[in-house]
Amino acid sequence: QVQLEESGGGLVQPGGSLRLSCAASGFLLDYSIHWFRQAPGKEREDVLCISGSDVNTFYKDSVKGRFTSSRDLGKNTVYLQMNSLKPEDTAVYYCATGRSTGCPKVTPAPYDFGYWGQGTQVTVSS
């Protein structure tokens, strides 16, 4: 059974850091992984993608220089390192894959992905 599971969310003060994990089971996580987020009352948005060759593609300018995604195939896990967090980063974060290896230049829509994790809450507040 193909599954993705996020972890690592929590409450952090502005300027703080969190590292989210996206662990896969049922398949080798050598595909591209997208990190989405959804704030209350807003649409789910793609933040960034890590390709099968571990290149990051950013879909939100607001996270450039602060967020980075990496991969550990030995643990079958992809990570999202989030630094200098801001209150506007507050959202439920999801990892997703369409089991391709590339990251498109045009921001994809959520319906392009067949595999999702359950989400993890990130709250940035003092």
Side-chain angles (χ1 to χ4, degrees):
Q1 185 177 2
V2 174
Q3 284 188 319
L4 295 173
E5 183 174 1
E6 299 100 339
S7 61
L11 173 64
V12 63
Q13 292 187 342
S17 297
L18 280 176
R19 190 179 77 160
L20 307 184
S21 299
C22 174
S25 58
F27 69 102
L28 182 62
L29 197 55
D30 58 353
Y31 297 108
S32 60
I33 292 292
H34 289 247
W35 289 96
F36 282 80
R37 67 185 181 187
Q38 188 166 18
K42 296 188 177 180
E43 294 185 351
R44 191 169 298 189
E45 60 181 11
D46 200 340
V47 177
L48 69 89
C49 168
I50 178 170
S51 71
S53 56
D54 293 344
V55 174
N56 282 197
T57 298
F58 293 90
Y59 300 113
K60 297 292 294 185
D61 288 341
S62 61
V63 306
K64 288 181 181 178
R66 301 190 297 122
F67 290 14
T68 303
S69 188
S70 61
R71 186 190 313 265
D72 186 338
L73 278 179
K75 296 182 178 180
N76 218 30
T77 299
V78 167
Y79 302 99
L80 178 64
Q81 179 67 44
M82 304 186 295
N83 299 326
S84 302
L85 283 162
K86 304 176 181 180
E88 52 264 41
D89 295 318
T90 295
V92 178
Y93 283 72
Y94 301 87
C95 58
T97 185
R99 301 187 76 171
S100 66
T101 57
C103 295
K105 293 181 180 180
V106 177
T107 306
Y111 55 73
D112 288 330
F113 301 92
Y115 303 95
W116 291 84
Q118 82 286 359
T120 186
Q121 177 70 48
V122 171
T123 302
V124 185
S125 175
S126 55

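On a predicted model such as this, the values are computed, not experimentally measured, just so you know.
- Applying the salt bridge (Lys or Arg N to Asp or Glu O under 4.0 Å) test to every pair with at least one member in residues 110-126, sequence neighbours left out, gives no pairs at all.
- Listed by chain and residue number, Arg71 satisfy the salt bridge (Lys or Arg N to Asp or Glu O under 4.0 Å) test with Asp54 (two or more places apart in sequence, or in another chain).
- Pairing each heavy atom of Tyr94 with each of Glu6, the nearest pair is CA-OE2, 3.0 Å.
- Screening residues 7-47 for disulfide (SG to SG under 2.5 Å) gives Cys22-Cys95 as the qualifying pairs, with residues at least two apart or on separate chains.
- For Thr97 (side chain) and Ser32 (main-chain N/O), a donor-acceptor pair under 3.5 Å exists by modelled atom type.
- Residue pairs satisfying the side chain to side chain donor-acceptor pair (under 3.5 Å) criterion with at least one member in residues 73-82, sequence neighbours excluded, are listed as follows: Gln81-Asn83.
- A disulfide (SG to SG under 2.5 Å) check over residues 23-55, counting only residues at least two apart or in different chains, returns the pairs Cys49-Cys103.
- Val122 is linked by a side chain to side chain contact (heavy atoms under 4.5 Å, CB included) to Leu18, Leu20, Met82, Tyr93, Val124, counting only residues two or more places apart in sequence or in another chain.
- Shown here for Phe27 and Gln3, the closest heavy-atom pair between the two residues is CE2-O, 4.1 Å.
- In the hydrophobic cluster analysis, where Ile, Leu, Val, Met, Phe, Trp and Tyr join through side-chain heavy atoms closer than 4.5 angstrom, Phe36 is grouped apart from Tyr115.
- Every residue meeting the side chain to side chain contact (heavy atoms under 4.5 Å, CB included) condition with Glu5, not counting sequence neighbours, appears here in chain and number order: Gln118.
- The CG atom of Leu11 sits 9.5 Å away from atom CD of Gln121, with the distance rounded to the nearest 0.5 Å.
- By the side chain to side chain contact (heavy atoms under 4.5 Å, CB included) test, Ser126 is found to be paired with Pro14, residues two or more places apart in sequence or in another chain being considered.
- Other cluster members for Leu28: Leu73, joined by side-chain heavy-atom distances under 4.5 Å among Ile, Leu, Val, Met, Phe, Trp and Tyr.
- Pairs of residues two or more places apart, or lying in two chains, that qualify as side chain to side chain donor-acceptor pair (under 3.5 Å) and include a residue from residues 56-69 are Trp35-Ser69, Glu45-Lys60, Asp61-Lys64, Arg66-Asp89.
- Partners of Ser70 according to the side-chain hydrogen bond (donor to acceptor under 3.5 Å, both in side chains) rule, which considers only residues two or more places apart in sequence or in another chain, do not exist here.
- When side chains are defined from C-beta on, Leu29 counts as touching Leu4, because their heavy atoms get closer than 4.5 Å.
- Relative ring orientation between Phe113 and Trp116 is described as perpendicular, the plane-to-plane angle rising above 60° on a 0-90° scale split at 30° and 60°.
- Defined by atom type and a distance below 3.5 Å, a donor-acceptor pair is missing between the side-chain atoms of Ser125 and Thr123.
- We find the OG1-OH distance between Thr101 and Tyr31 to be 9.0 Å, quoted to the nearest 0.5 Å.
- No more than 12 heavy-atom neighbours from other residues, nucleotides or ligands sit within 6.0 angstrom of CD on Glu43.
- Contacts of Ser7 classified as side chain to side chain contact (heavy atoms under 4.5 Å, CB included), with partners at least two apart in sequence or in another chain: Ser21.
- For the pair Leu80/Arg37, no side-chain contact is recorded, criterion being any heavy-atom separation below 4.5 Å from C-beta on.
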